[in-house]
Amino acid sequence: MAKIISVHSFRGGTGKSNVTANLAVIIAKLGHRVAIVDTDIQSPGVHVLFQLDPKRARYTLNDYLWGLARIEQAAYDVTETVIADPDGSSARLFVVPSSVDSGAIGRILNEGYDVGLLNDGFQELIRDLRLDYLFIDTHPGVNEETLLSIAVSDVLLLVMRPDNQDFQGTAVTAELARRLNVKEMLMIVNKVPGGMDRQALREKVTQLYEAEVAGVLPFNEEIVNVASSAIFSNRYSEHPFTRGLLAIADRLKA
Amino acid sequence: MPVRNLLCGMPDFVRGSIGAESAVHRCQQCRTLGGRSRLVTFAAPSDFQASAAAPFGKWVFPVTHDDSRSAFPPAISLRLLHATQGHALQTWYFEQQSLVRIGRLDSGDVVITDPRVSRLHAELRFENGAWQLASHGRHGVFQHDKLLIRPTTTLSHGAVFQLGPGGPQLEFLEVDDSGGLEAETACSTIEFDCVDLSALGFDKREAAEQVQQIAGDDNFRQLLERAASLRKKRQPPLGER
């Protein structure tokens, strides 16, 4: 059965989109069919990591939500961009970007969108693209659309930074996710500064949230340099950040 | 348990697969020793044979096998010195490794998180029977407050060098190979103290109140019902198609 994985964080800036994109690439490279849907409609970003220009994309998620296109028409195959030599492999990676046009973003903000339709779109993607994994990059914070996306997922990945504001907000989000009966919730602590004991941090988060910690990922400059324009794990295959992601990908495959 | 047949460049298949015993991997041909980040978990030889065929190719062992290396470099240690008091904050130990990379990069052999240290700041290389220091950093390497300008500088036992002006100081020591010196670790940084995790946390009562505010009303009950109906639309399992 295809696995739907929501990636969420309480606040922006946790590196959620970056984590999503890298995990999707890592899992696709193992020979799976994977798609990412950027449902962070108010502040889309995941397309950048795949050098996808939504201005040049004929259709985006917005067009689907407005009934102007089928969702597969807004799904772009980025396999060749991020996977070297995909020939002969069953690996496929698709991205459904959100519009970066301010008018389109404003329209969604004003009118909202039909979460039922979005959910239908997920199912169509899974069926028509024969997906093994569907990643949903959510809008940060607590809102109805996001909570419903979380609710229809098999796994919720909650991304947080090691600071008290994130800790507080994540506590609320995690509890709401439990009440929504999310099947599986995994924590990821990202942007952990050097000098912070990652193992101790992992234990602390496990105990505070009574949840499994799938990864504790380091902060450093290389990530900042690469993140906005490329897939980090492709370029730095031995980096601790990449190794942490590989462990998370293994866990998601379980 | 002894491990045979392990060579540089082999897939690091053992990591995460067996986890029975820990040891430092050493190439059986060139005797290159895995560094700090290259600790792998060993399996018994029989397990090794069984696992070698498994597709663990994504974990490629980072050490490059070098056939040309015949003479083993002597073991050395590098000690990160306290800026004013001069005691060691951290010690790294390298045995039969002919290249030691120093910098801020996590993938280096000596990782120092300090703004004055470049990603790859310096390299120690064993060449022509001696350890040579080469500077690659933007801020240079200093000895006795003088910038090293030659491409390489030969280091002798007890030499102290500094990464960037006023930056972290490292002491170079040649150590007895047979000693089996244990690397000691204080904290991975000097510029930033170890971060105290006890200050991290959240207010449980406040969180519970916020949850109650959101989840306590009719809207949330409707949301739960909606979620339940959306879940029913899930596609059938792959195998059933």
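What you see below is based on every heavy atom in this structure, not just the backbone, and it leaves out hydrogens, waters and symmetry mates. A, B, ... follow the sequence lines: proteins, then strands. Residue 1 opens every chain.
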Return each pair, listed once, that meets ring pair (Phe, Tyr, Trp, His ring centres under 6.0 Å) where at least one residue sits in residues 142-161 of chain A; pairs must be two or more places apart or across chains. none
Charged N to carboxylate O below 4.0 Å: is that the case for Asp132(A) and Arg33(A)? no
Pick one of side chain, backbone, both or neither for Glu206(B), based on which atoms fall under 4.5 Å of a heavy atom in chain A. both
Salt bridge check, Arg251(A) against Glu184(A): does any charged N sit closer than 4.0 Å to a carboxylate O? yes
Leading residue by heavy atom contact count with chain A [cutoff under 4.5 Å; candidates Leu230(B), Leu200(B), Val211(B)]: Leu200(B)
If we count only N and O atoms by modelled type, under 3.5 Å, do the side chains of Ser233(A) and Thr242(A) hold a donor and an acceptor together? no
Considering only heavy atoms and a distance below 4.5 Å, find which of Ala208(B), Ala227(B), Gly201(B), Ala199(B) pairs most often with chain A. Gly201(B)
Which bit of Val142(A) is near chain B, if near means a heavy-atom gap under 4.5 Å: side chain, backbone, both or neither? side chain
Centroid separation Phe232(A) to Phe241(A) less than 6.0 Å: yes
Do you know which of Asn164(A), Val152(A), Asn119(A) has the most heavy-atom pairs with chain B at a distance under 4.5 angstrom? Asn164(A)
Taking the six-membered ring for Trp, is the centroid-to-centroid distance between Tyr209(A) and Phe202(B) below 6.0 Å? yes
Holding to salt bridge (charged side-chain N to carboxylate O under 4.0 Å, His left out), I want the full list of residues that pass it with Arg92(A), two or more places apart in sequence or in another chain. Asp77(A)
For Asn181(A), is it the side chain, the backbone, both or neither that has a heavy atom under 4.5 Å from a heavy atom of chain B? both
Options Leu224(B), Asn219(B), Ile214(B), Leu223(B), ranked by heavy-atom pairs under 4.5 Å with chain A, top entry: Leu223(B)
Between chain B and each of Gly116(A), Pro162(A), Ser153(A), Gly169(A), count heavy-atom pairs under 4.5 Å; write down the option with the most. Pro162(A)
Please classify the contact between Leu147(A) and chain B as side chain, backbone, both or neither, with a heavy-atom cut-off of under 4.5 Å. side chain
With a 4.5 angstrom heavy-atom cut-off, which part of Gln222(B) approaches chain A: side chain, backbone, both or neither? neither
Applying a strict 4.5 Å limit to non-hydrogen atoms, the region of Ala228(B) in contact with chain A is neither
Polar side-chain atom of Lys3(A) near backbone of Phe135(A) as donor-acceptor pair, under 3.5 Å: no
